[in-house]
Amino acid sequence: MDRQSVRVCGPSAAGVRMSGRRVGCWLSDKKRRRMNLDAFIRFCADHGVEVVKIDLTQPLGPQGPFDIILHKLSDVIVEAEHDSQSQQLLDNFQSYVSAHPDTVLLDPLPAMAKLLDRFVSCRIMSQLNSSLRDWRICSPPCLEVHSGNDLSSIQQAVIRQGLTFPLICKTRVAHGSYSHEMCLLFSAASLADIHPPCVLQSFVNHGAVLYKVFVVGDKHCCVERPSIKNFPSGPCDRKTIFFNSQKVSKPESNSDLTSVDEHMVDPPSPSSDAVAALVKELRAQLGMALFGVDVIINIGTHALTVIDINIFPGYEGMPQFFSSLLSHIQSVLDKHAAAGSHTTSGSSEETVDKSAKLAEKPEVTLLDLVSCKYITSFCHTINQAKDKLNV
Ligand SMILES: Nc1ncnc2c1ncn2[C@@H]1O[C@H](COP(=O)(O)OP(=O)(O)OP(=O)(O)O)[C@@H](O)[C@H]1O
Ligand SMILES: O=P(O)(O)O[C@H]1[C@H](OP(=O)(O)O)[C@@H](OP(=O)(O)O)[C@@H](O)[C@@H](O)[C@@H]1OP(=O)(O)O
Ligand SMILES: [Mg+2]
Ligand SMILES: [Mg+2]
C-alpha cells in the first residue's frame, strides 16, 4: 500500500438518498467538535436526511422518533460508574431504547461495550493469530493483570506467557480520559510500577510507523501515523517511561518517544489485501460497523501486528468520511426495513456477533453487557487513575 495515498476501499459511496428518515445523534462535546458534527448535519440535510442532536438530559421520547441513533456513549458508560448524573443520562437513553426496539443503534451497545475492556479486546486480537495466520497477521503476546495480583506472580506470568521486554502497560479501561496513560517497562523489577487492573503487551519494534485502519460499514481506509521508536530487545536497567498515548500517534505528534533514527530502514507498508482480510474478520467478530484498528509492521518478521481496536475513532484523514457514514446509515435502514424485524444490529449482513464466545468469563453475560453492569469492575481502575493524576 502506498503510504502517501489514502484510498477508501469498498463499494461506491455515490447515490445516497434517504428521505423521510430521522437520525438521532449523541456525541460528547469534544467528539462533536473533532468530527465537525454541524458540517455532517448540513451534509445530511443536503441529501434529504434530518440529523437531530440528542439531549440526554431531557426525555428522548419528545425528541424522537428516531429510525437510527448514531452515538459514542463510551465516555458516559465509563463515567456512569462513579457519577450519578452520567448514570441518569445512560438510564434515560436505555429507557428510550427499551421502549423503541425498532430504533437501530449504531453501534449496538453490547458490541461497543466489549471494546471498553482491554481484557476482551486483547482476547479478540489473540484470536487473529489463528484465524488470520495465512495472512501473517498476528497480535503481540498479552497478559491480563488483575487487581490484587502480587509482583512475583506477575513476573512469573510474564515469563510463562512468553512476553518479552520491553513491555507496554495499558489500563484495563480502553476509552475515556483516563485510559490513555501508559508506560514502557524494561525489566522484571520495574513491574512494580504498574497499577492493575491492566494489560501487559510485548513491545514490538516497528520503525516508529503506525497504520490507523478506519472502518465505516463496508468501507475502510488506512492512514499512516507517527509511533513509538524502536528499543533494544530484551531486559535492561532503563527506568520506566510513562507517557500519554494521545500524544504519540496523532498526525502532528513529535516527541523524543517518536523521533526516528535517520539510518533506520523503513519497514514495508501493509498489503491492501491483508488489511481487507483483517477488516472483514473484525467486522464479523465485533458485530460493529464504526471502529478503528491500529496496526504496525514488525521490523524483524514483517508480520502485520494488531495492537489496538477502538470504538468510533476520529477518522482524521479518511477521505469521504461523511458520505461513507451517510451511505452506511442508509444501507442499515434499508436492510432493517426489508427485514421488518426487531433488530438492533447496526452492522452488515455478514456480521455475526460472537461476543458471548469471546467474553469467556461465565459471569459476563450478553445481558450484562447490554446493561453495562460489567463496567462496575472498572470503577476502581478509574479511581486509581484519578488518584495518580491527582484529580
Ligand atoms: N505492542 C506494541 N508494540 C509497539 N508499540 C505499541 C504497542 N502497543 C502500543 N504501541 C504504541 O503505543 C501507542 C499507544 O498504544 P494504544 O494504541 O494501545 O493506545 P490507545 O490509548 O488505545 O490509543 P488510541 O488513541 O488509538 O485509542 C501506539 O500508537 C503505538 O505507538
Ligand atoms: O478525536 P480524536 O481524533 O482524538 O479521536 C480519538 C478518540 O477520541 P474522541 O472519539 O473522543 O474524539 C479516542 O476516543 P476515547 O478513547 O477518548 O473515547 C480514541 O478512539 C482514539 O483512538 C481516537 O484517535 P484516532 O485513533 O482516531 O487517532
Ligand atoms: Mg491506539
Ligand atoms: Mg485505543
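For ligands, and for the atoms within them, numbers begin at 1 and follow the listed sequence. Everything numeric here is computed off the predicted structure, so don't read it as measured data. Count residues from 1 along the sequence.
For atom 18 (O) of ligand 2, the closest heavy atom belonging to the protein is H175 ND1, 3.1 Å. The nearest heavy-atom contact from the protein to atom 8 (O) of ligand 2 is K30 NZ, 3.0 Å. For atom 10 (O) of ligand 2, the nearest non-hydrogen atom of the protein is K72 NZ, 2.7 Å. Residue, atom and distance of the protein heavy atom nearest to atom 6 (C) of ligand 2 are K250 NZ, 3.8 Å.
Close N/O approach between S179 and ligand 2 is not found [any backbone or side-chain N/O within under 3.5 Å]. Inclusion of K250 in the set of residues having an N or O under 3.5 Å from an N or O of ligand 1 is not warranted. Looking at S179 next to ligand 1, no N or O pair under 3.5 Å apart turns up. Not a single N or O atom of V248, backbone or side chain, sits closer than 3.5 Å to an N or O atom of ligand 1. For the pair S249 and ligand 2, the shortest N or O to N or O distance does not fall below 3.5 Å.
Distances shorter than 4.0 angstrom occur between a heavy atom of G176 and an atom of ligand 2. Under a 4.0 angstrom heavy-atom cut-off, D294 registers as lying outside contact with ligand 2.
Within the sub-2.8 Å shell of the Mg ion (ligand 4), the protein contributes these N/O/S atoms: D308 OD1, D308 OD2, N310 OD1.
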